[in-house]
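It should be emphasised that the depicted structure is a prediction, and the values quoted were computed from it without experimental measurement. So you know, we letter chains A, B, ... as the sequences are listed, proteins then strands, and number each from 1.
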Amino acid sequence: MDNGSKSIKGIFEDMLVVVNIFENREVLRSTYTPDHLPHRDDQVKALATILVSALRGETPSNVLIYGKTGTGKTAVAKHVGLELERTGEIYGVPCIVIYMNCEVVDTQYRLLASLARHFDKEIPMTGWPTDQVYTEFKNAIDKDKRIAIIILDEVDKLVSKGDDILYNLTRINADLKKAKVSLIGITNDLKFTEFLDPRVKSSLGEEEIIFPPYDANQIRDILHQRAEMAFKSSVLEETVIPLCAAYAAQEHGDARRALDLLRVSGELAERAKAQKVTESQVKQAQEKIETDRVVEVVKTLPTQSKLVLLSTVHLSNNGGCNITTGEAYNIYKNMCRLIGIDTLTQRRVTDLISELDMLGILNATIVSKGRYGRTKEICLSVPTDSTRRVLFEDYRLKPLETYNPPGQMKLYG
DNA sequence: CTTCCACGGGAACACTGGGGTG
DNA sequence: CACCCCAGTGTTCCCGTGGAAG
């Protein structure tokens, strides 16, 4: 065997000889809904108790489901919905469950349009007046005698743009002759009803179900259940699952996070051609998930936001944590001029900064500097050089790679 | 008590991508 | 075809406001 051919062959051999540690990795994705949801029996039963009246031909109460991310709200709702449809078929009571994610369909028009399309109505993406879409949907659903359950996931995302849509939906039964509609709202914002029209609030919140966060033990059970299906037997070191569970329990008991962690750990092990998944891979995975998230977020930012971020990166190179909006705005303005992009107003830029804050890339706190006014003190919460690298992948920002902000001489002790 | 700067709510506007009508 | 209507999004304009240094 001569060296040359070995190395060529070696490349592909290496890739083919993957120690396949996954049996079925789809099981670890958040889109997968298992048949049995551990530690959620109470919630399943509660929801089923409310919805069972549909099978008796009555309209179930509207339900509001509360719980932090990754506590199984969506999974439970979908699971119970599926069971309801199935049982309804057996008993000859037509029930339909419609799932809507309000983060995707986040306006009145789009929500009504997608609901109507569920009944094979052709609604253009835009153009019609909203009440026409509403009428279309109403007629479609009222064609037959049936009970429709509409699941509104992330319903808080809808409310921020006016709650008339919820008002209309809660009152739709008054307009219907044959069909009946009831709503299931899912939210992770415990206070979101505060800003709701009181009529909507009382109607939507006829019943409430709370999903408490999982504790570390419960997450461990969930991981065990899924790991059994996902991995080949005994490829996980003993400590892997407890560690994943512990990490996720710190993050307010987010089961989705735990599953991601387990999956990424497995993928890392696979890539390293290891026979087993070890504790250190879990730690790597923890970091990888976080950096991947940041890179993804920064990459997909609109150009203006990228520029704002870049100006704070410039400033934090030689200032640290005390960047004010004014400073950042000046540099932003300069850079816009340099690359020929129109500058936004300061008002708008403060909004962009707040958005970056929400995304966890920045940390902006409002401080009052007495005589010297009021401002945001901005602090980057991601590493500067890797952020720069990601930002300069954008061809529009490329010319700024050599840009040096003026006024670098203010170094406070 | 004054003063200062930017915060942040709200109205208004421009623009986009679509529809219906004469 | 021209023209106006509609929802939605991003932006600008206007302005009242907070709160500690001076």
Side-chain angles (χ1 to χ4, degrees), chain A residues 100-117 121-140 152 154-169 191-192 194-197 297 300-309 311-312 315-316 319 321-337 339-359 361-380 394 396 407 410 412:
Chain A
M100 286 280 137
N101 189 336
C102 302
E103 203 172 12
V104 190
V105 278
D106 60 348
T107 63
Q108 298 194 58
Y109 185 96
R110 287 212 269 269
L111 182 64
L112 288 170
S114 351
L115 285 172
R117 286 196 202 107
K121 288 277 177 182
E122 303 231 332
I123 311 280
M125 278 162 52
T126 107
W128 285 8
T130 308
D131 51 345
Q132 190 178 342
V133 185
Y134 174 81
T135 319
E136 201 75 14
F137 164 62
K138 199 189 68 193
N139 293 340
L152 298 173
E154 320 253 344
V155 65
D156 40 321
K157 298 280 169 8
L158 254 190
V159 174
S160 53
K161 312 197 175 171
D163 51 10
D164 3 346
I165 175 65
L166 284 178
Y167 181 70
N168 289 335
L169 277 181
K191 297 179 298 182
F192 107 102
E194 276 178 24
F195 312 103
L196 235 47
D197 185 318
V297 167
T300 53
L301 242 32
T303 315
Q304 294 286 3
S305 301
K306 281 182 182 170
L307 277 168
V308 173
L309 178 58
S311 63
T312 63
L315 282 165
S316 66
C321 246
N322 23 34
I323 308 163
T324 65
T325 313
E327 291 171 323
Y329 185 64
N330 282 334
I331 296 191
Y332 159 82
K333 248 191 324 200
N334 277 334
M335 294 196 299
C336 280
R337 243 201 344 261
I339 60 173
I341 283 181
D342 24 335
T343 50
L344 301 176
T345 52
Q346 185 154 330
R347 174 73 190 84
R348 180 68 187 131
V349 169
T350 53
D351 276 349
L352 292 182
I353 291 174
S354 304
E355 280 167 29
L356 291 173
D357 188 7
M358 294 285 199
L359 291 168
I361 302 174
L362 294 181
N363 215 314
T365 43
I366 326 110
V367 287
S368 185
K369 297 199 166 187
R371 189 68 219 304
Y372 303 104
R374 191 162 86 129
T375 186
K376 264 190 177 132
E377 213 156 68
I378 306 163
C379 180
L380 220 54
D394 190 324
R396 282 161 297 195
K410 36 178 182 169
Y412 318 100

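With hydrogens and angles ignored, no donor-acceptor pair under 3.5 angstrom links the side chain of A:Arg371 to the base of B:dC4.
Mapping A:Asp106 and A:Pro129 onto DNA chain C by nearest heavy atom places A:Pro129 closer to the 5' end of the strand. Heavy-atom nearest nucleotides on DNA chain B were determined for A:Met125 and for A:Thr325, and the one closer to the 5' end corresponds to A:Thr325.
For B:dA6, neither phosphate oxygen OP1 nor OP2 lies less than 4.0 angstrom from any side-chain nitrogen or oxygen of A:Tyr329. The shortest distance between the side-chain N/O atoms of A:Trp128 and the OP1/OP2 oxygens of C:dA7 is not below 4.0 Å. Within the 4.0 Å cut-off from OP1 or OP2 of B:dC5, not a single side-chain nitrogen or oxygen of A:Thr375 is found. A close approach under 4.0 Å does not occur between any side-chain nitrogen or oxygen of A:Ser368 and OP1 or OP2 of C:dG18.
Summarising the geometry, the separation between CG on A:Asp164 and P on C:dG8 is reported as 10 Å, rounded to the nearest angstrom. Atom CG in A:Asp351 sits roughly 13 Å away from atom C1' in C:dC13 (whole-Å rounding). We find that CD1 of A:Ile123 is positioned 13 Å from P of C:dG8, with the value rounded to whole Å. With rounding to whole Å, A:Leu344 atom CG is found 17 Å from B:dG8 atom P. Distance CZ (A:Arg110) to P (B:dG17): 14 Å, rounded to an integer number of Å. Rounded to an integer number of Å, the gap from A:Lys376 NZ to C:dG18 C1' is 14 Å. Rounding to whole angstrom units, CD1 of residue A:Ile353 and C1' of B:dC5 are separated by 14 Å. Rounded to whole Å, the distance from CZ on A:Arg348 to P on B:dC7 is 14 Å.
Tested against A:Leu356 for a side chain to side chain contact (heavy atoms under 4.5 Å, CB included), the candidates A:Leu362, A:Asn363, A:Thr312 yield a single pass: A:Leu362. With A:Ile378 as reference, A:Ile323 is the one residue of A:Leu315, A:Thr324, A:Thr365, A:Ile323 to meet the side chain to side chain contact (heavy atoms under 4.5 Å, CB included) rule.
Annotation: side chain of A:Leu380 is in contact with side chain of A:Leu309 (closest heavy-atom distance under 4.5 Å).
Side chain of A:Tyr109 to backbone of A:Val133: no donor-acceptor contact under 3.5 angstrom is found. Side-chain N or O atoms of A:Glu136 include none that pairs as donor or acceptor with a backbone N or O of A:Arg117 at under 3.5 Å.
Between C:dC13, B:dG17, C:dT17, one nucleotide has an atom nearer to the side chain of A:Arg374 than all others, and that is C:dT17. When distances are taken from the side chain of A:Thr107 to each of B:dG17, C:dT9, B:dG10, the shortest belongs to C:dT9.
Within 4.0 Å (heavy atoms only), A:Thr365 reaches no atom of the nucleic acid at all.
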